[in-house]
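Right, one structure below, let's go through it.
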Amino acid sequence: MNYLDSLNDAQKEAVLATEGPISVLAGAGSGKTRVLATRIYHLIREGAPPETILAVTFTNKAAREMRERVRTMLGDDASVPFIATFHGLGREILERHGSVLGIPRYFSVYDRDDSERAVSVALKALDVSTKELSPRAVLGRISRAKNSGVRASEFYEKQGRSGFGNRIVAEVWLRYEKTLKEEKALDFDDLIVLPVKLLEEYADIRAAAQERWRYLHIDEYQDTSALQGRLTNLLATKHKNLFVVGDIDQTIYTWRGATIENLLEFDKTYPEAQTIILERNYRSTKTLVDAANAVIEKNKNRKEKRSTTEQGEGEPIKVHVAPNAEFEARYIAKEIRRLMQNGVKPEDVAVLFRTNFQSRALEEGLLREGVPYKLLGTRFFGRKEVKDMLAWMRLAIDPSREADKMRAVASPSRGIGAVTLGKLAAGQREALRPSDLAKVEAFEKVVTELASASETLTPSEFVRLVAEKSGMKRALVDEGSAEDHERFENIEELASVAARHDHLPGKEGIALFLAEAALASDQDELDQNTKKGVTLMTVHAAKGLEFDTVFVTGMEEGLFPHSDMGDGKRDDEEERRLFYVAITRAKRRLYLTLARVRKIYGIDSYAEPSSFLADIDDALVLYDESYDQTYDKGWIIE
């Protein structure tokens, strides 16, 4: 059992606790992924069939990494358990059992862009300007209602006559659901809502799922929603072999439905549960761990734990005050340039910000200094050429999808307009002019050929064939500009991404790839963004990642901690947890920067230092010459 030798006592206890409900409180950098992978390996070594084991985490990237780690431990030819995100789990359940709800085997998944576009069309049909009601706000309202168990028809009955806003949302929701049904599509919320409905209402399906997965592992349990908690408990009810890993101190997603109670009250849901605490941090220096402890211990709504480390004292945390955001960015860029000259790779550096508007000045500062960077948030799967390819692929699997047909005929253009497509959709094929009919038949021939090829080709082969047959390769490479050539490189990268599923040839692998593409998160963009350089991202997007050097910017009261959580309220404990996450992304160096004046909504705003700075012991911090400590950690007076 030498695979246990590298584990500390708490990690080993977690791996060997194979029966019953277990909650593992895992501090930042405490090796929770190693524990999860090793526990899965141990279960299989002890005789549990891999197909009876389920592991759920929060991003495709994390699921892939865990899958590869388990595969490495088991050997390349071994069977690996089902490891996916919650949405991937929902897709799996619906593909197997969704037919009882009228869901086709190969349904497509609307990503956020697709959903917002469908809502925009519905608003336009109701003659409502998107300035009056934004599609994102309407979609958010629909999402909250869905996740509360409310259906579109019920919402319409209750809210359809209670004011302009509610009436429009109700009308839009009905139209949105109709669009999804016509396109044989589900959205993100459906992938959780509908599996819960299936398991609650169909005892035979529930029994089959419980028997299939006897050992459940849920990562990042503090970030599960109430509905995800219900889904988990429905699967775990029979065998109760539920292993959840989480850190209440890293709960930073309550604004999008996460509920801290799932982890806080785990021992109430399962009174027989065992609790194991992982406190040793293998990532960060003692200075950083002590600072993180000092910050998070101010929170009251948490379970007691205190991280320790044996990584050495490390460098002090550096604090810099700039006159404004532009000078803050210039300081960061110059400091990164200095680090690079001393051998630090730009890929080992992250610049974190609390809100997206901060990125503009930071980008300009890095450009000025010639520091290479990549901005997380420019979604690979949201790029036009990539979405065009995905539309072609979905159309090949199911030629009846009108939205994909509209996109494919224009990518590249075939001279088939909306009027022609409208006549086809209305069954008026005989009304087409001969020239238009010839174009339509040529297009349909390509779709038919691709549909046939999708039965046998691997996903990566299929991507390359679609690029060829659709004419996109010719348009972007043979006839395109230098910029078009770069766009085609994204299509080539798409084939590389699809190759992850080449072990499942034909429609099964292609459908799995399409589903993962729709469910990609910001962190998944790191895998697709092959550009080298410093990573710029929000603190939220950085969760789960680690870097040698981290800059946390905008350390000003009202910005971080943020004064408004989007609903006019400020959750001080969540903001503190977010700062804890920011600190613990760093392995060796941490910089905290702030500006005395920051332009917000075009107005210069004078700021005070973040109250979080006062939580960190002065012995851990190096204030540079920009900071005047004679004013009780206040600004320099010039």
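Only heavy atoms go into these numbers, but all of them, side chains included; no hydrogens, no water, no symmetry mates.
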Query raised in the report: Can you tell me if CG on Asp9 sees more than 12 non-hydrogen neighbours from other groups inside 6.0 Å?
Result: no
Query raised in the report: When the ring centroid of Tyr215 is compared with that of His239, is the distance short of 6.0 Å?
Result: no
Query raised in the report: Is there a side chain to side chain donor-acceptor pair (under 3.5 Å) between Thr309 and Asn281 once you walk through the steps?
Result: CA-CA 5 Å; Thr309 186; Asn281 183 306; 4.7 Å; no
Requested in this report: With Leu43 as reference, evaluate Ile53, Thr38, Asn241, Val15 under the side chain to side chain contact (heavy atoms under 4.5 Å, CB included) test and give the passing residue.
Outcome: Ile53
Query raised in the report: Where the side chain of Ser79 meets the backbone of Pro50, is there a donor-acceptor pair that is under 3.5 Å apart?
Result: no
Report task. Any chance you could measure Leu504, atom CG, to Glu508, atom CD, to the nearest 0.5 Å? Result -> 5.0 Å
Query raised in the report: If only atom types and distance count, is the side chain of Asn262 paired as donor or acceptor with the main-chain N or O of Ser225 below 3.5 Å?
Result: yes
Query raised in the report: With ring centroids as reference points, do Tyr3 and Tyr41 lie under 6.0 angstrom apart?
Result: yes
Query raised in the report: With a 4.5 Å heavy-atom cut-off, do Leu352 and Thr538 have their side chains touching?
Result: no
**Report entry** Glu183 (side chain) donor-acceptor with Ala403 (main chain) under 3.5 angstrom
**Finding:** yes
Report summary line: Tyr110 meets the ring-ring contact (aromatic ring centres under 6.0 Å, His included) criterion, sequence neighbours left out, with none
Query raised in the report: Looking only at heavy atoms, which two atoms of Phe155 and Ala145 are closest? And how far apart?
Result: CD1-CB, 4.2 Å
Report task. May I ask you to decide if Ser284's main-chain N or O and Arg588's side chain share a donor-acceptor pair within less than 3.5 Å? Result -> no
Query raised in the report: Is any NZ, NE, NH1 or NH2 atom of the basic residue among Glu573 and Arg576 found under 4.0 Å from an Asp or Glu carboxylate oxygen of the other?
Result: no
Query raised in the report: Can you find a heavy atom in the side chain of Val109 that is under 4.5 Å from one in the side chain of Asp187?
Result: no
Query - Carboxylate-amine/guanidinium proximity below 4.0 Å for Asp247 and Lys305 - result: yes
Requested in this report: Under the side-chain contact (heavy atoms from CB on, under 4.5 Å) rule, what do Thr535 and Phe547 come out as? Steps first, then yes or no, please.
Outcome: CA-CA 9 Å; Thr535 302; Phe547 300 87; 4.0 Å; yes
Report task. May I ask you to check whether Ser400 and Lys184 show a side-chain donor-acceptor distance below 3.5 Å? Result -> yes
Query raised in the report: Would Glu385 and Asn490 satisfy side chain to side chain donor-acceptor pair (under 3.5 Å), going step by step from the backbone distance to the final call?
Result: CA-CA 8 Å; Glu385 60 274 13; Asn490 289 327; 2.7 Å; yes
Query raised in the report: Given the rule in the side chain to side chain donor-acceptor pair (under 3.5 Å) test, do Ser143 and Asp189 qualify, once you have shown the distances and angles that lead to the verdict?
Result: CA-CA 7 Å; Ser143 178; Asp189 298 314; 2.9 Å; yes
Requested in this report: Taking the side chain as every heavy atom from C-beta outward, state whether Glu19 and Lys240 have any atom pair closer than 4.5 Å.
Outcome: no
Query raised in the report: How many angstroms lie between CD in Glu546 and NZ in Lys587, if you round to the nearest 0.5 Å?
Result: 4.5 Å
Query - Sidechain-backbone polar pair: Thr52 side chain, Ala48 backbone, donor-acceptor under 3.5 Å - result: no
Report task. Spell out, as yes or no, whether a donor-acceptor pair under 3.5 Å connects the side chain of His217 to the backbone of Ile40. Result -> no
Query - ring-ring contact (aromatic ring centres under 6.0 Å, His included) against Tyr270, all qualifying residues, sequence neighbours excluded - result: Phe266
Requested in this report: Using a 4.5 Å cut-off on heavy atoms from C-beta on, say whether the side chain of Phe513 contacts that of Val497.
Outcome: yes
Query raised in the report: Does the salt bridge (Lys or Arg N to Asp or Glu O under 4.0 Å) test come out yes or no for Glu116 and Arg112, once each step is laid out?
Result: CA-CA 6 Å; Glu116 284 190 27; Arg112 295 298 182 197; over 6 Å; no
Requested in this report: Could you tell me whether the side chain of Arg283 and the main chain of Thr584 form a donor-acceptor pair under 3.5 Å?
Outcome: yes
Requested in this report: Report the distance from atom CD of Gln311 to atom OG1 of Thr285, rounding to the nearest 0.5 Å.
Outcome: 8.5 Å
Query - Heavy-atom side-chain proximity of Thr308 to Val289 below 4.5 angstrom - result: no
Query raised in the report: Is there a side-chain contact between Arg577 and Gln250, using heavy atoms and a 4.5 Å cut-off?
Result: no
Report task. Quickly, which of Lys181, Lys197, Lys146, Arg151 forms a salt bridge (Lys or Arg N to Asp or Glu O under 4.0 Å) with Asp190? Name it, please. Result -> Lys146
Query raised in the report: Rounded to the nearest 0.5 Å, what separation is found between the OG1 atom of Thr59 and the CD atom of Glu65?
Result: 7.0 Å
Query raised in the report: Under 6.0 Å from the NZ atom of Lys286, do we count more than 12 heavy atoms belonging to anything else shown?
Result: no
Query raised in the report: Does the separation of the ring centres of Phe188 and His87 fall below 6.0 angstrom?
Result: yes
Report task. Would you check if Phe82 and Leu89 make a side-chain contact, meaning some heavy-atom pair closer than 4.5 Å? Result -> yes
Query raised in the report: Can you check whether Tyr202 reaches Leu101 side chain to side chain, under 4.5 Å on heavy atoms?
Result: yes
Report task. Sort out for me which residue in Val35, Leu16, Val24, Leu4 forms a side chain to side chain contact (heavy atoms under 4.5 Å, CB included) with Gln11. Result -> Val35
Report summary line: Residues pairing under salt bridge (charged side-chain N to carboxylate O under 4.0 Å, His left out) where one sits in residues 456-466, two or more places apart or in two chains, turn out to be none
Query raised in the report: Between Asp502 and Ser460, is there a donor-acceptor pair closer than 3.5 Å when you use the side chain of the first and the backbone of the second?
Result: yes
Query - Approximate separation, where rounding is to 0.5 Å, of Phe86 CZ and Glu220 CD - result: 11.0 Å
**Report entry** Approximate separation, where rounding is to 0.5 Å, of His501 NE2 and Leu512 CG
**Finding:** 4.5 Å
Report summary line: With sequence neighbours left out, the residues meeting side-chain contact (heavy atoms from CB on, under 4.5 Å) with Gln210 are Arg206, Thr237, Lys238
Report task. Check step by step if salt bridge (Lys or Arg N to Asp or Glu O under 4.0 Å) holds for Asp223 and Lys543. Result -> CA-CA 11 Å; Asp223 285 330; Lys543 187 169 177 293; 3.0 Å; yes
Query raised in the report: Within the side chain of Asp114, is there an N or O that forms a donor-acceptor pair under 3.5 Å with the backbone of Asp111?
Result: yes
Report summary line: Sorted by chain and residue number, the side chain to side chain donor-acceptor pair (under 3.5 Å) partners of Glu92 (sequence neighbours excluded) come out as Arg96, Arg212
Query raised in the report: Run the salt bridge (Lys or Arg N to Asp or Glu O under 4.0 Å) check on Arg306 and Glu279 step by step: do they pass?
Result: CA-CA 6 Å; Arg306 183 175 177 82; Glu279 292 181 302; over 6 Å; no
Query - Main-chain N/O of Arg407 paired to Asp388 side chain as donor or acceptor, under 3.5 Å - result: no
Query raised in the report: If you draw a 6.0 Å radius around NZ in Lys469, do more than 12 non-hydrogen atoms from other residues or ligands fall strictly inside?
Result: no
Query - Those residues that, when tested against Gln274, pass side-chain contact (heavy atoms from CB on, under 4.5 Å) (two or more places apart) - result: Glu13, Ala17, Ile22, Ile276
Report task. Evaluate the criterion salt bridge (Lys or Arg N to Asp or Glu O under 4.0 Å) for residue pair Arg302 and Glu304; output intermediate values, then yes/no. Result -> CA-CA 6 Å; Arg302 65 190 293 264; Glu304 189 59 36; 3.7 Å; yes
